[in-house]
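Below you'll find the structure, written out as structure tokens, and then a few comments.
Please read these numbers as outputs of a predicted model, since none were measured by experiment.
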Amino acid sequence: MESVVKLYSLPYSNVKTYGAALLFVIGNIALPQLFHLVPQGGMTWLPIYFFTLVGAYKYGWKVGLLTAVASPLVNSALFGMPAPAVLPAILLKSVLLAIGAGYVAHRFRKVSVLALLAVVLFYQCIGTLGEWAFFADSFYAAVQDFRMGIPGMLLQVFGGHAFIRWLIQK
């Protein structure tokens, strides 16, 4: 399932960059609140990454990077989730996701399940190694996020694909 789409690379000097990022940050604030109503919902479904993926893929790495940094910081400040102890690891993965999604979208100029899968595996694998190297006590502890987050990764790939395609039609 693949679609050639109009993708954007909004510059920091464009007000649309900040407007788009603001909308995606709001999404990354609301979605985790819904998933946290379910026990282990945040750890399983990884909702804080969803709109970062969509924003970076559709509107470029700059929108993605603004979303990637602001979403965890605002969520942590307002709701205490992610907890300050895990905030650096979440920020690392968010930034990797924004850069990866922006790069793949710019490079291939199309949206596909395979491209989104590659982006999600990139940020999760590199992010897990970074989490192990810098933040976790053990490799096993770092890998638990990956193992528990498989449903969330699938949601990002298939939900992100559907949402980006929906944005194209608007």
Side-chain angles (χ1 to χ4, degrees), residues 1-32 34-35 42 44-75 82 88-131 133 143 145-170:
M1 238 163 132
E2 189 174 288
S3 303
V4 176
V5 298
K6 175 123 173 104
L7 301 171
Y8 301 91
S9 184
L10 298 175
Y12 284 128
S13 61
N14 190 328
V15 72
K16 290 180 183 179
T17 303
Y18 299 95
L22 178 63
L23 290 175
F24 291 123
V25 168
I26 290 168
N28 273 349
I29 291 169
L31 196 59
L34 292 173
F35 279 95
T44 303
W45 293 102
L46 309 172
I48 198 157
Y49 301 115
F50 185 80
F51 287 105
T52 302
L53 172 66
V54 171
Y57 208 95
K58 177 67 176 152
Y59 295 102
W61 68 270
K62 292 173 184 170
V63 169
L65 194 58
L66 288 169
T67 306
V69 172
S71 297
L73 292 175
V74 170
N75 266 310
I90 299 292
L91 283 167
L92 171 66
K93 288 181 179 180
S94 291
V95 167
L96 287 169
L97 173 58
I99 293 168
Y103 173 77
V104 168
H106 179 75
R107 172 75 172 86
F108 296 104
R109 296 273 180 215
K110 58 186 160 192
V111 107
S112 71
V113 169
L114 187 58
L116 292 173
L117 178 63
V119 168
V120 169
L121 287 176
F122 162 76
Y123 96 83
Q124 279 291 333
C125 290
I126 302 301
T128 296
L129 290 175
E131 185 177 357
V143 172
D145 289 346
F146 187 95
R147 183 185 63 80
M148 289 181 69
I150 290 173
M153 289 181 250
L154 293 172
L155 173 68
Q156 290 165 30
V157 171
F158 294 105
H161 183 262
F163 196 77
I164 294 167
R165 288 177 56 98
W166 177 79
L167 282 174
I168 294 164
Q169 297 171 356
K170 299 295 166 196

(message) My understanding is that only residues two or more places apart in sequence, or in another chain, count here; which of them pass salt bridge (Lys or Arg N to Asp or Glu O under 4.0 Å) with K93?
(response) E131
Kindly give the heavy-atom pair with the smallest separation between [X] and [Y], and that separation in Å.
{"X": "G160", "Y": "L116", "answer": "C-CD1, 3.9 Å"}
{"X": "A56", "Y": "G64", "answer": "CB-CA, 3.6 Å"}
{"X": "L7", "Y": "A105", "answer": "CD1-O, 3.3 Å"}
{"X": "L91", "Y": "V69", "answer": "CD2-O, 3.8 Å"}
{"X": "G55", "Y": "V63", "answer": "O-CG1, 4.0 Å"}
{"X": "S71", "Y": "F24", "answer": "OG-O, 4.5 Å"}

Under 4.5 Å between any side-chain heavy atoms of [X] and [Y], yes or no?
{"X": "M153", "Y": "Y49", "result": "no"}
{"X": "P47", "Y": "L34", "result": "no"}
{"X": "I168", "Y": "K58", "result": "yes"}

Taking only distance into account, with no hydrogens and no angle test, what donor-acceptor pairs under 3.5 Å do side-chain atoms of residues 118-127 form with protein atoms, sequence neighbours excluded?
from	atom 1	to	atom 2	distance (Å)
Y123	OH	Q156	OE1	2.8
Y123	OH	Q156	NE2	3.0

(message) Between Y18 and Y12 (side chain of the first, backbone of the second, donor and acceptor by atom type, cut-off under 3.5 Å), is there such a pair?
(response) yes
(request) Indicate yes or no for a side-chain donor-acceptor contact from T17 to the backbone of P11 under 3.5 Å, with no hydrogens or angles considered. (result) yes
(message) What's the separation between atom CG in L129 and atom CG in L92, rounded to the nearest 0.5 Å?
(response) 10.0 Å
(request) State the CG-OG1 distance between L97 and T67, to the nearest 0.5 angstrom. (result) 10.0 Å
(request) Could I get the full list of side chain to side chain contact (heavy atoms under 4.5 Å, CB included) partners for I29, not counting sequence neighbours? (result) V25, V74, N75, F79
(request) Please name all residues satisfying side chain to side chain contact (heavy atoms under 4.5 Å, CB included) with L154, sequence neighbours left out, ordered by chain then number. (result) I150, F158
(request) Taking ring-ring contact (aromatic ring centres under 6.0 Å, His included) as the test, write out the residues that go with F50, two or more places apart. (result) none
(request) Name all pairs fulfilling the ring-ring contact (aromatic ring centres under 6.0 Å, His included) condition that reach into residues 95-118, sequence neighbours left out, sorted by first residue then second. (result) none
(message) Evaluate L46 against L155 for side chain to side chain contact (heavy atoms under 4.5 Å, CB included), listing each step before the verdict.
(response) CA-CA 9 Å; L46 309 172; L155 173 68; over 6 Å; no
(message) Run the side chain to side chain contact (heavy atoms under 4.5 Å, CB included) test on V113 and V157 for me, step by step, so that the C-alpha distance in whole Å, both residues' side-chain angles and the decisive distance to 0.1 Å come before the verdict.
(response) CA-CA 6 Å; V113 169; V157 171; 3.7 Å; yes
(message) Using 30° and 60° as the class boundaries, would you call the ring planes of F35 and W45 parallel, tilted or perpendicular?
(response) tilted
